[in-house]
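Both ligands and their constituent atoms are indexed starting at 1 by order of listing. Counting from 1, the numbers follow the sequence of the chain as shown.
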Amino acid sequence: MNLDDELSKIKGVGPKTAEKLAAAGFATVGDLVEFLPRAYEDFSRVSKISELKPAKVTIRARAESVNTRPVRRGMRVTTAVMVDDSGKVQAVWFNQPYRETQLKSGAEFFLSGEFGFRAGRYQLTSPSAEAVKDLPVQTGRILPIYPAVKGLKPALTRSVLGKLRPLITMLPETLPAQIVARERLMSRADAMLGLHFPESAEQADAARERLAFEELFELLLAARLNKRENSKLSGFRIPFDQPKIKQFVGDLPFVLTGAQRRALWDILCDFENPSPMNRLLQGDVGSGKTVVAGAAGFQAVLAGFQAAIMAPTEILASQHADTLGRLLEPYGVNVALLTSSVKGAARAELLERIADGTASVVVGTHALFQPAVKFHKLGFVVIDEQHRFGVKQRQALLAKSHAGAMPHLLAMTATPIPRSLQLTLFGDLDNSILNELPRGRQPIVTKIYSPNRRAELYEKIREQLTLGRQAYVITPLIEENGQSDKKSVEATFKQIKRVFDRPVIASAAKQSSETEPGLPRRTNSPRRDKSGYAVGLLHGRQTPAEKEKVMRDFAAGKIDILVATTVVEVGVDVPNASVVVIENADQFGLAQLHQLRGRVGRGEHQSYCFLVTSDSSAPTRRLREIEKSGDGFYLAEVDLKLRGPGEIYGARQHGELNLQIASLADTKLIARAARAADEFIATGADLAKYPTLDKNIQKYQRLTTLN
Ligand code: ADP
Ligand code: MG
């Protein structure tokens, strides 16, 4: 038998069982061998009958006598007297008449179950019972607990795996022998045995470590090989014009932070390499990534190249186009905006300017990479608010660039990546980190509010509006979904208008708006009225043009309070806004809350973030963490612990991260695996000699570069 065989080849597995296994997703013997326990239950501690105490216990005994009798309608009780060399105990089963035949065989059994006082005496109630001579699947040893799979009883999984034990004993080694030896790892066969049939907890732990090491080693090696492949691509050399860049930086209305300078330096040095840059710029919200990208774009243009900047939303794209226009147009750099709302003749004309190179910096959404868009000489690509650039997008890019060379790539993200993930998931990217906020920023005051303190909350907003500041009110849902505790953006909009879009008389200010239905309503005009504040509405169902208008009005100060869904989550920059209220805050993830909060505190004003809980129950751990800390890097670590990497980086949905065993929080093991991967490459080891390793690495290589 071998790992590729169908399950029906296993001796003792009939067609019915094979069918059940197939339905559970197991096609081959190998699939089942790789199906690893998620936990263990220790039934290896066998008690002497004379020493039993009320608890869940396991004994090893024979049946002295067994009988089954009816007790009442439809109920039959099987009673057995079990003996070992220390004493006797009664075991009872209900409606399990087969127990009688089983126990009467005279064999020795493991029995596991609850020992306690029932029906007038101490007894074992409904214990499992398995013959000692078989490999027990329910008791008598440390039992592996397999992940629940529909239609598959744990005992069946264990019993089929028991039949595969001889095969597992002979599994070939998959890692290079020198690594196994130097890292003092179990052999693969021993590790698999240790996981499926552990004799001690220590053995299971060591087995787990070996397999975890292997997974991390593969992942890290894949990242390194990716990086090496990238360095083999040809790119464009863009010389670093230090005097011009110094002048540009000196002309900025603010002083760059040390972190911004370092990041810009990293990028401009990469530009000088003949191989394309593949760099990730991580910066906490508000750390000033845009200007770094802008300065680098300026350098690319100075050297005669075009730069493309891709944003995730139209709002952000048009905002970037504005910002970059302001930064670069004084130097004669032409900045263009291409989104799907640029249509007809205007679009044709724009495409022409991109194709002949008159548009030097092109900002847009994913529309940038459609086939119709042809660049004259694209040398630098920035992708905002993304962790990486997928293989497909890179290929699309390559097709756009001239002379078959790859433009320099810069991905920018405001969701910091914990260090452990940095090495593993993102090990193929170079990194720059903006871990410093511009001078003069004050920490954002964050506070949790329960909904019954809304009046107080509105007062806080009003204080800021009176000072001339602006506010965001964020809601998670687009439409009323019938649940009264979930506020929709429309309902919130109406309520905020009722509260703020009218004259305020000192004594009335404290009243809750909901108690005053008779007040005159105003229209949804984003025009400030002497007697109240202008309230705007922004959500995903509006047309791009509508959204853009609202955003522009807000940025221009024509709207005082913007009620919005998470459309504003990423990147939007209105420095005069100083309050963000997040309704039903418990429905957001940690990273998302931090992003939303980052919409304020972007200027010199003291800013506030108010998190309104869905109900009055105690705030969740997430909310308490966000209230406590303003540090995105710290919050990313917490998020990783609370949710796991798959959830955060969307990796699981894309099948990207299929780590079964290794924990990306295990920094020690990651460091060991990283060292081994470095050595594997340094010694010029040949992957072709390790077919399993090779296969897995190819899988990871594909996956770690997909979005
Ligand atoms: P993010 O990193 O979140 O994308 P932005 O690039 O939008 O941040 O910058 C946030 C705000 O900070 C912008 O208004 C920008 O003009 C401003 N800014 C950027 N760098 C500095 C700096 N060094 N000093 C002061 N303000 C800065
Ligand atoms: Mg940004």
Q: Pull out every atom of ligand 1 sitting under 4.0 Å from any heavy atom of V285, numbered as shown with elements.
A: 3 (O)
Q: Quick one: does V255 get an N or O within less than 3.5 Å of an N or O on ligand 1?
A: yes
Q: With no hydrogens and no angle check, do the side chains of S432 and D266 hold a donor and an acceptor under 3.5 Å apart?
A: yes
Q: State whether the shortest distance between N or O atoms of G283 and N or O atoms of ligand 1 falls below 3.5 angstrom.
A: no
Q: Please check whether E385 reaches ligand 1 - meaning an N/O of the residue sits under 3.5 Å from an N/O of the ligand, judged on distance alone.
A: no
Q: Distance only, no hydrogens: is a donor on one side chain within 3.5 Å (strictly under) of an acceptor on the other, for D586 and S614?
A: yes
Q: For atom 17 (C) of ligand 1, which candidate among R439, R441, Q282 holds the nearest heavy atom?
A: R441
Q: For D631, check salt bridge (Lys or Arg N to Asp or Glu O under 4.0 Å) against everything at least two apart and list the hits.
A: none
Q: Could you give me the CA-CA distance, side-chain angles and deciding distance for R552 and D322, then say whether salt bridge (Lys or Arg N to Asp or Glu O under 4.0 Å) is met?
A: CA-CA 11 Å; R552 273 187 197 284; D322 285 352; 3.1 Å; yes
Q: For ligand 1, indicate whether the residue M412 contacts it via side chain, backbone, both or neither (heavy-atom separation under 4.0 Å).
A: neither
Q: Which ligand 1 atoms are under 4.0 Å away from a heavy-atom of G286?
A: 1 (P), 2 (O), 3 (O), 8 (O)
Q: What I want to check is whether the side chains of T475 and E583 have a donor and an acceptor closer together than 3.5 Å.
A: no
Q: Just checking, any donor-acceptor pair under 3.5 angstrom between side chains of Q470 and D560?
A: no
Q: If we only consider heavy atoms of S287, is any one of them less than 4.0 Å away from an atom in ligand 1?
A: yes
Q: Ligand 1 and F254, any nitrogen or oxygen pair closer than 3.5 angstrom?
A: no
Q: H594: which residues meet the ring pair (Phe, Tyr, Trp, His ring centres under 6.0 Å) condition with it, sequence neighbours left out?
A: none
Q: Using a 4.0 Å cutoff against the non-hydrogen atoms of T290, which atoms of ligand 1 qualify?
A: 4 (O), 5 (P), 6 (O), 7 (O)
Q: Which is closest to atom 15 (C) of ligand 1 in terms of heavy atoms, L327, L437, D573?
A: D573
Q: With a 4.5 Å cut-off on side-chain heavy atoms, are V381 and H408 touching?
A: no
